Amino acid sequence: MNKLFALVDCNNFFVSCERVFNPKLENKPVVVLSNNDGCIISRSNEAKSLGLKMGSPFFKLKDFLKQNEVTAFSSNYSLYGDMSQRVMSILAKFSSNIEIYSIDEAFLDFSGFDYYNIKNYAREIKRIVFQWTGIPVSVGVGTTKTLAKIATHIAKKNDILKGVFIIKDEKELNSFLKDIPVNEVWGIGKQFNKKLIANNINTVFKLKNAEQQWIKKNFGIVGLRTIKELNGLSCISIERVARNKKGITSSRSFGKPVTEYEDLRQAISSYITTASRKLRKQKSLANILTIYILTNRFDKEHFYYNHKVIKLPLPTNNTSTFITFASEALRNIYVDGLKYKKAGIMLSEIIPEEHTQLSLFDNVDIKKSNILMTTIDNINEKMGTGTIKSASEGFDKKWKMKSEMRSREFTTCWDDILEV
DNA sequence: TCTGGGGTCCTAGGACCC
DNA sequence: TCTGGGGTCCTAGGACCC
């Protein structure tokens, strides 16, 4: 059976989510900012045409955005997450074998769909997703995931294709590949790009035809796989079920600098709450907790970073246990008088719950703690995050992130539902 | 004043084994 | 003159992705 993959990619996803609930923004330049209103992370086509770059800092562009009447939004992840789920659940109707690759992309296995008219099928996906959610998507189809990615890129860049491109004819494909810069390929990042260009491989076409031994030597097995995929040999398969995380991180920059130990401890406690809930959700325990704090990394002269790795006596997923150890460790790395900009925590050496090695005497306590954690998780799930929380998270949250241009939670909060 | 957050995989080198 | 030949495991760092 010939393999065939589709990649469905939401166009300018975060901006598109905002537009669904604010149609006046159609055809106007719009951007969405990262947490803390830091950088531009999603741009409408109009914003792209103004030359706004992905990842550029908002504060440097404020005037420019005003002059050009660009609407900016703080990120609203509960909205985007919910819209994403709606899109994905529709896509699942079009193939039983689907991999949700990111918040705005999914691979669909089309292997064995030979008797379908693939182009019509892809157009139907695009039409239905838009009709049911208001989100515009592009669809690319190829015999490998890497080719499907490229196909989506081609679909987006060429208006005449109307958002759908199926790779069928090698000659036709090559004519496109001759004009696509090599860093558009999935798996070719900044460093690989530099190295390839230095060797005069600057288009996808040249990369596709590069000498495989040379690629393997210079770009390792990963690079070789990419070339093989470009040539139609499928090396990366669909991963239907999300694997359990091997590390769970939670970190945030602060809205304004934090100086007090107590505020840092609050921030760290709330990151632990977030991360340990994820840990419990995947029914795992962590052996290692790492905490870190840092000052403004752009002020190189006064930059301070420190972290502490805590090996827990027993693997756990108990929020209070983590917080107890973290508070202790924080004392070791906290330096008085500094302006902290960010803090974070990481859970690692993650194992499945059932692998616990219970010590003879802790048995009962662990059972109790499990019941408590499950109860708290259930209440928070039902009544909203933060309904029950640990006192060490604090109530005033002086350190909370900036989010001054946030839209409403149109789809996930009763009070925010759109009124007509 | 202001510059995001969360992941995965691979490789090279060292320690250690028989 | 001459100095084996495999392995495994771990870690740090570097690449990539969205």
Side-chain angles (χ1 to χ4, degrees), chain A residues 7-10 12-14 31-42 52-65 72-77 80-81 84 88 99-107 145-146 149 152-153 182-196 216-226 229 235-236 239 242-258 267 271 274-275 278-279 282 288 290 292 294-300 303 307 309 339 341-350 401-405:
Chain A
L7 175 70
V8 182
D9 193 331
C10 301
N12 314 331
F13 183 55
F14 297 168
V31 296
V32 173
L33 307 174
S34 62
N35 275 336
N36 233 8
D37 296 342
C39 303
I40 292 178
I41 51 167
S42 180
L52 291 168
K53 295 270 175 295
M54 185 74 173
S56 41
F58 175 57
F59 79 95
K60 285 186 180 170
L61 293 163
K62 261 185 185 160
D63 292 339
F64 180 85
L65 298 182
F73 286 97
S74 304
S75 41
N76 183 348
Y77 283 102
Y80 312 150
S84 172
M88 298 307 168
E99 172 184 346
I100 297 170
Y101 180 65
S102 74
I103 193 162
D104 68 339
E105 279 172 76
F107 286 104
K145 282 168 124 183
T146 305
K149 273 261 191 189
T152 309
H153 174 85
V182 73
N183 63 331
E184 292 295 343
V185 176
W186 190 40
I188 305 297
K190 233 178 171 178
Q191 301 305 314
F192 283 13
N193 185 45
K194 232 196 248 171
K195 218 158 134 187
L196 286 168
K216 173 144 196 247
K217 209 175 129 203
N218 289 279
F219 301 89
I221 189 88
V222 184
L224 183 62
R225 203 160 55 194
T226 298
E229 284 243 324
C235 307
I236 310 168
E239 294 218 16
R243 276 180 291 182
N244 277 351
K245 303 263 177 282
K246 295 170 182 168
I248 297 173
T249 305
S250 180
S251 69
R252 290 285 181 281
S253 299
F254 305 132
K256 47 188 172 187
V258 161
Y271 305 154
T274 307
K278 283 189 193 168
L279 185 66
Q282 68 169 42
I288 298 214
T290 305
Y292 59 91
L294 52 141
T295 59
N296 187 350
R297 68 180 201 275
F298 295 96
D299 182 2
K300 296 212 167 78
F303 182 60
H307 74 282
V309 179
K339 289 181 178 169
K341 191 69 186 77
K342 182 177 177 177
I345 72 110
M346 192 189 342
L347 302 175
S348 48
E349 281 198 10
I350 290 176
M401 65 182 186
K402 228 188 321 187
S403 184
E404 289 167 350
M405 296 153 286

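Labels below follow one simple rule: chain letters A, B, ... track the order of the sequence lines, proteins then strands, and each chain is numbered from 1. For clarity, every value in this text was computed on a predicted model and none was experimentally measured.
- In this view, Asn12(A) and Asn45(A), Lys48(A) satisfy the side-chain hydrogen bond (donor to acceptor under 3.5 Å, both in side chains) rule, not counting sequence neighbours.
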*For each nucleotide in nucleotides 1-12 of chain B, reading 5' to 3', give B when a protein heavy atom comes within less than 4.0 Å of its base, S when such contact involves only the sugar-phosphate, and - otherwise.*
-BBSSSSSSSS-

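- Shown here are the ring-ring contact (aromatic ring centres under 6.0 Å, His included) partners of Tyr80(A), two or more places apart in sequence or in another chain: Phe14(A), Tyr77(A).
- Judged as a side-chain hydrogen bond (donor to acceptor under 3.5 Å, both in side chains), and not counting sequence neighbours, Asn296(A) has no contacts.
- For Lys194(A), the NZ atom is loosely surrounded, since the number of other residues' heavy atoms within 6.0 Å does not exceed 12.
- Formation of a donor-acceptor pair under 3.5 Å by the Thr146(A) side chain with backbone atoms of Thr226(A) is not found in this model.
- Distance check, rounded to the nearest 0.5 Å: CG of Leu33(A) to OG of Ser56(A) gives 9.5 Å.
- Under a 3.5 Å cut-off, the side chain of Ser251(A) and the backbone N or O of Ala343(A) do not form any donor-acceptor pair.
- Stem list for DNA chain B (at least 3 consecutive Watson-Crick or G-U pairs, distances under 3.5 Å): B:5-18 with C:5-18.
- If you take CD of Glu229(A) and P of dC17(C), they are 14 Å apart, rounded to a whole angstrom.
- A donor-acceptor pair under 3.5 Å is formed between the side chain of Asn36(A) and the backbone N or O of Phe254(A).
- No contact: Val32(A) has no heavy atom under 4.0 Å from any strand.
- Side-chain atoms of Lys195(A) come within 3.5 Å of backbone N or O of Asn218(A) as a donor-acceptor pair.
- Although no hydrogens or angles enter the test, the distance criterion places no donor-acceptor pair under 3.5 Å between the side chain of Glu404(A) and the main chain of Ser74(A).
- Per the geometry, CG belonging to Leu7(A) stands 14 Å off P belonging to dC17(C), to the nearest Å.
- For the contact set between residues 186-195 of chain A and DNA chain C, defined by any heavy atom under 4.0 Å, the members are Trp186(A), Gly187(A), Ile188(A), Gly189(A), Lys190(A), Gln191(A), Phe192(A).
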